Each structure stands twice: as C-alpha cells, then as structure tokens.
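Shown next, in structure tokens, is the structure this report addresses.
Chain letters run A, B, ... following the sequence lines, proteins first, then strands; residues in each count from 1. Note that this is a predicted model, so its numbers are computed, not measured.
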Amino acid sequence: MHARVQQWWVVYRIALEERLVYRGDFALGTLMRFLPIVTQIFLWWAVFDAMRHESADASETIAGYSYANFIAYYLLTMLGRAFSSMPGLASGIAQQIRNGEIKKFLIQPVDLIGFLLLNRMAHKTAYYSVALGPFALVYFLCQSYFPPMPDAGTWGAFGLSLILAFVLGFFLEASIGLIAFWFLEVSSLLFVYMLLSFFLSGHMFPLDMLPYPWSTIVDFLPLKYLAYFPSAVFLGKVTGRELVISLWVEVIWVVALMVLCRVMWNRGLARYSGYGG
Amino acid sequence: MPGESVHPSYIRVLLTFMRNSLVRDMSFRSNFVIESVASTSWVFMNLGFYLLIFRYTNEIGAGSGWGKYEFFVFLSTTMFINSIIEALFMPNAQEFSELIRTGNLDFALLKPIDTQFLVSCRRCDWSSLANWLVGGSLLVYSLRQLTARAENPLQIHPLAFVLYPFFIVCGVAILYSLMISLSASSVWLGRNQTLYNFWFYITNFSRYPMEIYGGTYGTPLRAVFTFVIPVLIVVNVPARWMAWPFDVARSGPLSLFAVAATLASLMFSRWVFLRALESYRSASS
C-alpha cells in the first residue's frame, strides 16, 4: 500500500512540475478565455434592454435569471469548466490505443486510468495555482454582478459540485476515449460529444431557459453537472431537497462511469492486439 | 527560356487546387459526410440558442432594428462568411504556420507563382461549404417572413441583391487579411497556438450586431473593432443591406467605410506577409 501511494505521489509530482514550466502562457491563455464573456455581457444587456422597452411591467428576468445573474452565471460556468473540462484526454487515450503505446501499461505495474487521473489532478493543480490570479481579477472586476455571499452550506455544496464535476468529466471523457478499442478513429465522435456538451452542459446558456421536452432531456443526462449545476448551486437556483437529490444523482453518475471505464478497459484489453515494434 | 518571366494563370491554378481538394475529400466519402454533418450541427446549435433568446424578447437591443427575422438574416450572413473562410482559408492558414515552423516554406518560395496566393489557396475544405445550405435556407425563410409580415413588410430593393454579395466578399477579404497576418506573424513568434485563440476571440466580436456594443465600455469597444481591427463591419454591413429597408443615408457611410477598410486590410496583410517572408529563415538545414 505504501509503495502504491509513493508511486502515485511521484507520478503526480512529475506531472505537476512539467506543467508549471509554461506558466506565463497559461496565465495569459486563462485571461483570454474570459474574452467571449465580454460579448455575452453586451448581448444579454441588449436582450434585457429590449425586454424592458417592450413592457414597462417586465419582470426583468429570463427563466428566473436577472441580468446580473446571467453574467454571474457565465463567469461561474468558466470555473465549472475549469474543473470539468479535460482537453486532450479522450483523444490522447484513443491515440495511445491506435499507435500501440498502451502496451507499456500492460508490462509496467501502472494502471492507465489511474495514471491519467493523477496526471489530470496535477494538471489541474498547476492550472489553478496559475489561473487563480486571472480568475480573481475578473471576479473582482465583475463583483457587482454576483449575488450577496451565499451561506456556508451553499459554499460546501458548491465546492462539492466542483470536485464531482472534475471526477465526472474525467471518467466521461476517458470512457469516450476507450471507445477507440472498438473504433480506431474517434475524432468525429469526439467532435459530436464536444458540441453536445457545449450546448447541453449549460456552457452556452442557463439550462433553465430550455422549454419542455429539452429541459427533461438535460435532466436525464450527466452533462449538466459539468457547467450548469455548480453555477446554479452558487446562484441559489438549486436548493434544499432538490440540491441534495441532485448531488446524489451526480455521485451515482460518477460511480456508474467509473465502473463503465473499468469494464471498457478490461473488455478492450481482451480484444486488443498490438502490432509492430 | 531563360530570363523570360513566367505568367501562370491564377484562375486555372486555383481551380486545379479546388478540384484536387474535392477529389481528396471524395476519396474519404464517409469522413466527408461526417464532417459536413458536424459543421452544420454546430450551426444548428447556434440557431437553437437564438431561437431560445427570441422566446423571451422580440428584439436584440431596444430600437436597434434587429428583430427576430432581421437577426436571422444577420445570422445567415455570418454562416456564409464563416463557411467561406473555413473552406478556403482556415486550412491554409494553419498549414502556413506549420510551413514556417518546419521550413517547408522553401518549397513554396521556389515555385514560379505568387507565394501568398499559393500559401492561401492550396487547400479547400469542401465540407465547410455545407453550411451554405443551412445559411441559404435560413436566409430565404427569414426574408419570406420579413416580406410577408402584415405590419410594415420589408421591400427588398433590387440593388440589395448586388450589394449583399459584394459586401460579403468584402467581409471575407477583411477576415482573410486578419487571418493571414496572424499566421504570417508566426515567423517572428515561432509558436502560434495563442494566435489561433486570438483569432477566435477577435472574430467572436463580429458575430453580433454592432448596436449591442453601447454604453461606457461598449462605445470604445465598438470604435476599436470598427476602425482599428474592422471585424465588426464584416457581417454588419452586408446584413444591413438585406435585412433593413433600403436606406442609403442610414447604411451608406458605413458601407463606404467598409470598402475602404477592405482595401486597407488587404494592403496591410500583403505588407505583413512580405515582411514575414523577408524575415523568414529556413528551419534546420
């Protein structure tokens, strides 16, 4: 057990150091990622502006979100995505399967999924340590859009939802990457997943805006936990019983995807043949 | 014959490039279909987003003139321009930075044809043109809605059918200039990943009506993206001629400026490109 932990620690530390080499590029990239929100701020301002003119009695909310809520929502989804997005994970796994690199995990006493998870954790740690500055700056500049400080319970649920978003995002993408055992080329599949997740995770707009059949569909998908859910929790849109149930559903999703990943890995290895040197 | 300059037929070379790319795309037919579907589904998602917005409001920006169907004309204009850029220039610009990095630009420099032309037009991604179908259908549908509405129906001036494609071409030229300048700058910068993000974020501003940029922060932003980096006029100018009633006094000045900006952008990108070639030193040996 001790050896195992030590092995994990080494993997984690190496990946962390590797990541911190490019911290300048990182920080700049993070700051730039907020730029699209600038257009969103203006777009929603224009929408709310028109709504106010159309009826003097306008409630001035869309699906329960005020203008400030919208901006805060977009800023918070950035944070959610910082936890849940796994750039290059699925395509990396697929590539390793295709070019036979996974053979090294068959001989070495290292588990591919565990190894990748540790790597991601290190990447994320490095990312947060550098991204903290840009995030703090933007949130500080936009503080007027945020509601008053939520209570400790909400903070706790928010933190939990972010951590779960990370794990969920990891296992979701890993299982998509593992499909490469069956179809060698998964890039188009990945593209479709990326599109769907952009739309249905709530990255593009608060999912509460969706009309009937869609709102039910997104409720049955795990994607909403990647961006929508943490933001909605912070803004107090999901509370009480609903919050507890949602968190449990998310845990169930995480466990299910973990099991799925493991099964796919074992099944995939059983049918895998490595050719060439 | 030595000393005699060669005058290649640019049109014929361009057509050959396009035919080659089509042949290449057609040899992986299912991949082509998947790519077309993927690029149109992105467009449909965008459309869905705006349909959602128009469930809650009738207009983007009070009194801006961008009601639901006017905005959909705007959106289809965005689709036309983006799909041209993605089909003709995006793959080439990406390859250009790669050519610089690897030193393979040498081969392009040796060929008896203008290097900028060769580098910009070599590949054509036909699957991106699938969005023309979506954009075209959306345009026709929206125009029918606008012309047939009971209250204040739109009357399309015959000239609009000339000005609209003309300013689409101008818009494409502006974006092309921006793109080729950005990728040429990888001569100096070496890496270009951030540049592509930059491209994405800058063009992000062009996708909305310029009227939404108002107020203390919006007005300077609008000025910068109109006069310094003219991405705001790319879609706005053609869309105005089609979606709004024909009004020279209202859309004329900006259109004149758009013509000037197009010429300036093209000249600027040519200048950057030539400067980049001067600074280019082949990689390795």
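Interface remark: B:L52 contributes backbone and side-chain atoms alike to the contact with chain A (heavy atom separation under 4.5 Å). When heavy atoms are compared at a cutoff of 4.5 Å, B:I202 does not approach chain A at all. Both the backbone and the side chain of A:L196 have a heavy atom closer than 4.5 Å to some heavy atom of chain B. Using a 4.5 Å cut-off between heavy atoms, A:W44 touches chain B through its side chain atoms alone. Neither the backbone nor the side chain of B:R207 comes within less than 4.5 Å of any heavy atom of chain A. Contact of B:Y217 with chain A is made through backbone and side chain together, with heavy-atom distances under 4.5 Å. The parts of A:V47 that come within reach of chain B are both its backbone and its side chain, each placing non-hydrogen atoms under 4.5 angstrom from that chain.
The two atoms that bring B:S41 and A:L195 nearest to each other are OG-CD1, 3.2 Å, heavy atoms only. Scanning all heavy atoms of the two residues, the minimum distance from B:F49 to A:M204 falls at CE1-O, 3.6 Å.
Of all the listed residues (A:V38, A:L210, A:L43, A:I41), the one sharing the greatest number of non-hydrogen pairs under 4.5 Å with chain B is A:L43. Of the residues considered (A:F205, A:W214, A:F191), A:F205 shows the highest number of contacts with chain B, using heavy-atom pairs under 4.5 Å.
Using a distance-only test at 3.5 Å, with no hydrogens or angles considered, a donor-acceptor pair links the side chain of B:Y56 to the main chain of A:M209.
Here the side chains of A:D49 and B:E59 are not in contact, with every heavy-atom distance at 4.5 Å or above. Looking at A:T39 and B:Y213, their side chains come closer than 4.5 Å, going by heavy atoms from C-beta outward.
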List the steps and the verdict of ring-ring contact (aromatic ring centres under 6.0 Å, His included) for B:W42 and A:F198.
-> CA-CA 10 Å; B:W42 172 242; A:F198 192 65; 5.6 Å; yes
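We find the CE-CD1 distance between A:M51 and B:I53 to be 11.5 Å, quoted to the nearest 0.5 Å.
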